[in-house]
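What follows is a short report on a single structure.
Computed from a predicted structure; not experimentally measured. First listed ligand is number 1; within each ligand, the first listed atom is number 1. All residue numbers in this chain count up from 1 along the given sequence.
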Amino acid sequence: MFPDRIFSGMRPTGSLHLGHYHGVLKNWIKLQSEYPCFFCVVDLHALTTHYETPDIIEKNVWEVLIDWLASGIDPAQATLFIQSHVQEHAELSLLLGMSTPLGWLERVPTYKEQIEKLHDKDLDTYGFFGYPVLMAADILLYRASLVPVGEDQVPHVEITREIARRFNYLYGREPGFEDKANEAARKLGGKRSKLYHELRNAYQQEGNEEALEQARALLQESQSLLMSDRERLFGYLEGSRKIILVEPQVMLTEASRMPGLNGQKMSKSYSNMIGLRENKVSIEKKIHKMPTDSARARRSDPGDPNKCPVWRLHQAYTNPATHEWVWRICRNAEAGCLECKQPVIDSILLEQQQMLERAQKYIDDSSLLRAIVADGCDKARKLAYETMRDVREAMGISYS
Ligand code: TYM
């Protein structure tokens with residue numbers, strides 16, 4: 001119904017780390033040449049946890065943007081923008097909140113986890129509780145079909161799907177829907193209209209998923225349809241409602257839960273991260289200090305890579321020949337842990353070199369960043385405007 005579109009975001013609460021890169025940014029870089037991509041610095045989300053220290057957010061908005069560009073996000077291909085600069089995020093969040101049951105929010109696993117993890121902050125707030133609604137608004141505002149994120153965000157995308165489904169159910173109703181849908185089907189032309197009805201019957205009566213896919217493709221190809229007729233026909237295919245907001249799918253990378261220096265998920269709040277643009281000496285020091293399999297107290301003690309966080313970094317960073325070498329030297333105690341760590345350090349520094357070069361241009365001239373964001377915000381606002389027009393109309397608040 002709507003063209004495939006990508007949306008994702010990151011909170012500007014600190015500089016990005018290798019978990020962001022391997023966990024998510026690699027997907028973004030791949031997707032940017034395949035689909036229209038909207039990548040958003042979600043400063044309003046950062047405020048839900050850092051409302052007492054907004055200065056941290058301001059600084060990091062620009063740092064995150066530089067990190068993205070340093071990793072290879074190309075502003076000529078992807079739209080990069082700042083959440084609070086597109087006011088429709090706040091508006092849609094408020095409107096979606098009207099129909100989101102409290103129980104759905106209470107059940108989001110990250111809610112309790114974050115409160116425990118960030119115990120030094122008072123997160124007993126309305127804003128923090130409503131975090132998933134704001135995140136749903138981000139995604140639904142762009143009618144994104146795919147959301148590339150790390151594993152921890154999967155429950156948020158799930159609840160986004162539920163919120164969209166509920167919205168379509170509540171507001172996709174219109175008087176005479178069936179007649180209007182049949183009228184719209186006639187506009188497809190005799191043959192196509194007949195095929196549409198056949199495929200719809202096959203799906204609705206026999207649950208034939210293939211027929212559903214074929215019917216969707218048929219509508220996708222029918223470019224001359226008006227948007228309102230298209231919404232009706234997509235909705236009629238599956239039920240008796242228009243589809244106003246699109247249910248997104250999640251997309252994960254292989255390292256969707258990239259471990260940090262202690263084997264736990266890499267995260268600023270676990271103090272186990274390596275920054276994307278962290279300096280060489282600090283990276284070396286952190287990796288030298290990394291714990292390894294505790295059975296290897298001495299160089300002559302054999303170890304088990306599966307019990308070692310350094311092995312997890314090898315998996316992300318080094319090649320199969322090195323992996324074989326790691327297993328041999330560890331199992332047979334042929335070399336020490338420091339030697340085993342060196343190829344990881346070398347690979348991280350090598351990967352980082354190009355990032356540092358790309359970042360320099362934006363560090364030297366911050367007006368480049370501001371121009372990218374201004375352009376990105378303009379593009380984002382156009383789509384946001386269209387969605388909000390349909391949302392307001394569907395909810396019956398577009399009085400004139
Ligand atoms: P945030 O800012 O915590 O993290 C940004 C993205 O990085 C991923 N990530 C990781 N992936 C793998 N391994 C790791 N160690 C690792 N650490 C972080 C996160 O899963 C995330 O995808 N709620 C979101 C921000 C957000 C958003 C959105 C995302 C707001 N609105 C709409 C997508 C769509 C968050 O807190 O991400």
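Proximity to F7 (heavy-atom distance under 4.0 Å) selects the following atoms of ligand 1: 32 (C), 34 (C). Heavy-atom contacts of G19 reach the following atoms of ligand 1: 10 (C), 11 (N), 12 (C), 13 (N), 14 (C), 15 (N), 16 (C) (cutoff under 4.0 Å). If you number the atoms of ligand 1 from 1 as listed, the ones under 4.0 Å from a heavy atom of H45 come out as 30 (C), 31 (N). Listed by number with element, the atoms of ligand 1 under 4.0 Å from a non-hydrogen atom of G23 are 11 (N), 12 (C). Of all the atoms in ligand 1, the ones that sit under 4.0 Å from a non-hydrogen atom of V147 are 33 (C), 34 (C). Near H17, meaning under 4.0 Å from any of its heavy atoms, are these atoms of ligand 1: 17 (N). Residue contact check: Y131 has heavy atoms under 4.0 Å from atoms 23 (N), 24 (C), 25 (C), 35 (C), 36 (O) of ligand 1. Atoms of ligand 1 found under 4.0 Å from any heavy atom of M266 (numbered from 1 in listed order, with element): 14 (C), 15 (N), 17 (N).
Assignment of A144 to the shell around ligand 1 is not supported, since no heavy atom sits closer than 4.0 Å. The shell of residues lying under 4.0 angstrom from ligand 1, judged by heavy atoms, excludes M273. In this structure, S8 has a heavy atom closer than 4.0 Å to ligand 1.
Summary of contacts: the protein heavy atom closest to atom 25 (C) of ligand 1 is G9 O, 3.7 Å. Nearest protein heavy-atom contact of atom 6 (C) of ligand 1 is V24 CG2, 3.9 Å. The nearest protein atom to atom 5 (C) of ligand 1, hydrogens excluded, is given as M10 CG, 3.5 Å; this is a heavy-atom distance. Given atom 22 (O) of ligand 1, the protein heavy atom at minimum distance is G150 N, 3.0 Å. In terms of protein heavy-atom proximity, atom 7 (O) of ligand 1 is closest to H20 CD2, 3.2 Å. The protein heavy-atom contact nearest to atom 31 (N) of ligand 1 is D138 OD2, 2.7 Å. Among all non-hydrogen protein atoms, the one lying nearest atom 2 (O) of ligand 1 is R11 N, 2.8 Å. Ranking the protein heavy atoms by distance from atom 21 (C) of ligand 1 puts Q153 CG, 3.8 Å first.
There is a side-chain donor-acceptor pair under 3.5 Å between Q342 and D346. No hydrogens or angles considered: a donor-acceptor pair under 3.5 Å links the side chains of S282 and E278. There is no side-chain donor-acceptor pair under 3.5 Å between T322 and H314. Looking only at atom types and distance, the side chain of N208 has no donor-acceptor partner in the side chain of E210 under 3.5 Å away. Between the side chains of Q220 and R216, not a single donor N or O lies within less than 3.5 Å of an accepting N or O. Side-chain atoms of T253 and H22 include no donor-acceptor pair closer than 3.5 Å.
At a 4.0 Å heavy-atom cut-off, ligand 1 does not touch C40 at all. Here S256 has backbone heavy atoms under 4.0 Å from ligand 1, and that is the only part of it that gets that close. When non-hydrogen atoms are compared, ligand 1 lies under 4.0 Å from the side chain of I139 (C-beta onward) but not from its backbone.
The nearest non-hydrogen atom to atom 20 (O) of ligand 1, considering only L252, V149, D152, comes from D152.
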Side-chain donor-acceptor pairs of residues 126-149 under 3.5 Å, sequence neighbours excluded:
residue, atom, partner, partner atom, Å
D138, OD1, Q83, NE2, 2.9
D138, OD1, H89, ND1, 2.8
D138, OD2, Q83, NE2, 3.4
Y142, OH, H89, NE2, 2.9
R143, NE, I244, O, 3.0
R143, NH1, D390, OD2, 3.3
R143, NH2, I244, O, 3.1
R143, NH2, D390, OD2, 2.9
S145, OG, D4, OD1, 2.7
S145, OG, R5, N, 3.1
S145, OG, R5, O, 3.4

Check: How far apart are the C-alpha atoms of E221 and R192, what are their side-chain angles, what is the distance that settles it, and do they pass the salt bridge (Lys or Arg N to Asp or Glu O under 4.0 Å) test?
Finding: CA-CA 11 Å; E221 285 160 18; R192 286 173 164 244; 3.8 Å; yes
Apply salt bridge (Lys or Arg N to Asp or Glu O under 4.0 Å) to residues R296 and D293 and explain how you reach the verdict. CA-CA 6 Å; R296 288 209 83 191; D293 177 7; over 6 Å; no
Residues R186, E183; criterion salt bridge (Lys or Arg N to Asp or Glu O under 4.0 Å); working and verdict | CA-CA 5 Å; R186 271 194 287 282; E183 179 57 37; 2.9 Å; yes
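Ligand 1 has no nitrogen or oxygen under 3.5 angstrom from a nitrogen or oxygen of E151. At least one N or O atom of M258 sits closer than 3.5 Å to an N or O atom of ligand 1. Polar contact with ligand 1: absent for V42 (N/O pair, distance under 3.5 Å).
Between the H20 side chain and the L25 main chain, no donor and acceptor come within less than 3.5 Å of each other. A donor-acceptor pair under 3.5 Å is absent between the side-chain atoms of D74 and the main chain of Q32, judged by distance alone.
Linking ILVMFWY side-chain heavy atoms closer than 4.5 Å, directly or via other members, places F81 and F39 in two distinct hydrophobic clusters. Cluster membership check: I159 shares its hydrophobic cluster with I115, using side-chain heavy-atom separations under 4.5 Å among Ile, Leu, Val, Met, Phe, Trp and Tyr.
Residues satisfying the salt bridge (Lys or Arg N to Asp or Glu O under 4.0 Å) criterion with D365, sequence neighbours excluded, are absent altogether.
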